[in-house]
Amino acid sequence: MTQYNIAVVGVTGAVGTRMLEQLEESTLPIETVRALASKRSAGKIVEFKGQELVVEELTEESFEGIDIALFSAGGSVSEKYAPYAVKAGAVVVDNTSFFRQNPNVPLVVPEVNAHALEKHNGIIACPNCSTIQMMVALEPIRRTYGLERVIVSTYQAVSGAGQSAINETNRELQEALDGKALTELSAEILPSAGDKKHYPIAYNALAQIDVFTDNDYTYEEMKMTKETKKNLEDESVKVSATCVRIPVLSAHSESVYIETKETASIEEIKAAIAAFPGTVLEDDVAHQVYPQAVNAVGRKETFVGRVRKDLDVENGVHMWIVSDNLLKGAAWNSVQIAESLHERGLVRPTEELVYELK
């Protein structure tokens, strides 16, 4: 049986470490794993199936003999090195935003559009973490009843901004518990490391993730809008997002309102969600059962609850969606794509390099 040589780029990061964990549990036949990271992390030790792997510095020559390369080290790293991986004969699964809107790159959530892998040119992109969980929850509804409109408000965990944001949140919370006034807490990362001002997240909600665009939406909100349309392969779906960071460490939550093309009962909607691979229906309000972030951490599934009819719009439905942003929102989705490539016989070098070498 074919066995693959896998490279994990950004192996010491929050997503990279979980990629290793998901590969350990994967059905993918693996021969070797190459741990790659920046020069700063080279020489560190990571574990895979009880074996110690020495982290190697990422270079243009790192992909010799690699079949599948999982990238999660930032967009600039993917921009530079992913084409070298493709040139060496590897298939790249990229977890950054860099390739998501590239017309040569399929944007894939396996439960939704695994068929798009057939057209890959060596690189496959994962959508944003907040988009992925929403796509998994909405796809069973879309397939049967269609989708006309999606309005989403997110409640996103700080882990989406990396380990440094987790550290900053914990520090602020401890300082507040120690008696420091909330107005005196300092911040250097959130709401966006690349923006001019930074605000504390402790006991707060920040209605900004990433920087603002010219239309007053943030890049995170525009990612959800554009990625939803591309992933569903339907530009006619109306999508609008408001993305908010809250002081939860892991697992994103979302309040989602949809309008379907065909009217369906709540019982039909719930049945479709419950039967769909990758979703778990947690919806028993009589017993206060609904998805919670603390219960989703460490789980691969997407949890859906509070499913209810809009009071004024016949085809309107509200729901609450929760998933571990570092697993289904990142690491697990990447490994799922690798599994799907294997199952479909698509782990193969691309015929023509269509990406610029930097």
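In what follows, residues are counted from 1 in the order of the sequence shown. Note that this is a predicted model, so its numbers are computed, not measured.
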- [ ] Test side-chain hydrogen bond (donor to acceptor under 3.5 Å, both in side chains) on Asp178 and Gln174 and set out the steps.
- [x] CA-CA 6 Å; Asp178 290 341; Gln174 188 58 57; 3.0 Å; yes
- [ ] Please test Phe98 against Tyr81 for ring pair (Phe, Tyr, Trp, His ring centres under 6.0 Å), starting from the C-alpha separation and ending with a verdict.
- [x] CA-CA 12 Å; Phe98 184 77; Tyr81 290 101; over 10 Å; no
Open item on the list: Under the criterion side-chain hydrogen bond (donor to acceptor under 3.5 Å, both in side chains), I'd like the reasoning laid out for Glu220 against Asn128: C-alpha separation, chi angles, the key distance, then a yes or no.
Closed with: CA-CA 8 Å; Glu220 184 84 358; Asn128 190 34; 2.7 Å; yes
Open item on the list: Applying salt bridge (Lys or Arg N to Asp or Glu O under 4.0 Å) to Arg40 and Glu57, what does each step give before you reach the verdict?
Closed with: CA-CA 8 Å; Arg40 184 181 60 232; Glu57 180 184 356; over 6 Å; no
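With hydrogens and angles ignored, the 3.5 Å screen pairs no side-chain donor or acceptor of Thr131 with any backbone N or O of Pro127. Of the possible polar contacts, one joining the Ser265 side chain to the Glu268 backbone as a donor-acceptor pair under 3.5 Å is found.
Contact check on Lys309 versus Glu314 returns no salt bridge, with no Lys/Arg side-chain nitrogen under 4.0 Å from an Asp/Glu carboxylate oxygen. Of the charged side-chain nitrogens involved, at least one lies within less than 4.0 Å of a carboxylate oxygen, so that Arg142 and Glu139 count as a salt-bridged pair. Between Lys270 and Asp283, at least one side-chain N (NZ, or NE/NH1/NH2) sits under 4.0 Å from a carboxylate O, which counts as a salt bridge.
Using a 30° and 60° split on the angle between ring planes, His342 and Tyr4 fall in the perpendicular class, above 60°.
Using modelled atom types and a 3.5 Å distance limit, the side chains of Gln133 and Ser323 yield no donor-acceptor pair. For Glu339 and Ser26, the side-chain atoms include at least one donor-acceptor pair closer than 3.5 Å. Side chains of Thr218 and Asp210: a donor-acceptor N/O pair is absent below 3.5 angstrom, by distance only. Side-chain contact of Gln163 with Asn167: a donor-acceptor pair under 3.5 Å is present, judged by distance alone. Between the side chains of Gln336 and Lys328, at least one donor-acceptor pair of N or O atoms lies under 3.5 Å. In the model, Ser159 has a side-chain atom that pairs as donor or acceptor with a side-chain atom of Asn325 under 3.5 Å. In the model, Thr154 has a side-chain atom that pairs as donor or acceptor with a side-chain atom of Gln156 under 3.5 Å. At a cut-off of 3.5 Å, with distance as the only test, a side-chain donor of Asp195 or Gln208 sits close to an acceptor on the other residue.
In the hydrophobic clustering of this structure, Val77 does not group with Val8; members are Ile, Leu, Val, Met, Phe, Trp, Tyr whose side-chain heavy atoms approach within less than 4.5 Å, directly or through other members. In this structure, Val280 is not a member of the same hydrophobic cluster as Val304, with clusters built from ILVMFWY side-chain heavy atoms closer than 4.5 Å. With hydrophobic clusters built from ILVMFWY side chains whose heavy atoms lie under 4.5 angstrom apart, Phe48 does not share a cluster with Leu36. Linking ILVMFWY residues whenever their side-chain heavy atoms come closer than 4.5 Å, directly or via other members, places Leu28 and Leu341 in the same cluster. The hydrophobic clustering, which links ILVMFWY residues whose side-chain heavy atoms are closer than 4.5 Å, places Val112 and Val322 apart.
Note that CG of Asn95 is 12.0 Å distant from CZ of Arg18, once rounded to the nearest 0.5 Å. Atom CD1 in Ile132 sits 4.0 Å away from atom CG in Asn333 (nearest 0.5 Å). Considering CD of Glu343 and CG of Leu117, their distance stands at 10.0 Å, rounded to 0.5 Å. Atom CG of Leu173 is separated from atom CG of Leu177 by 6.5 Å, given to the nearest 0.5 angstrom. Considering SG of Cys129 and NE2 of His252, their distance stands at 3.5 Å, rounded to 0.5 Å. Rounding to the nearest 0.5 Å places CE of Met222 at 9.5 Å from CD of Gln101.
None of Val136, Ile321, Leu138 except one satisfies the side-chain contact (heavy atoms from CB on, under 4.5 Å) rule with Thr279; the exception is Val136. Just one residue in the list Lys261, Glu262, Glu148 forms a side-chain contact (heavy atoms from CB on, under 4.5 Å) with Asn315, and that residue is Glu148. Under the ring-ring contact (aromatic ring centres under 6.0 Å, His included) test applied with Trp320, the options Phe303, Tyr290, Tyr155 reduce to a single match, Tyr155.
Residue pairs satisfying the salt bridge (Lys or Arg N to Asp or Glu O under 4.0 Å) criterion with at least one member in residues 77-90, sequence neighbours excluded, are listed as follows: Glu79-Lys358.
For the pair Val152/Tyr257, no side-chain contact is recorded, criterion being any heavy-atom separation below 4.5 Å from C-beta on.
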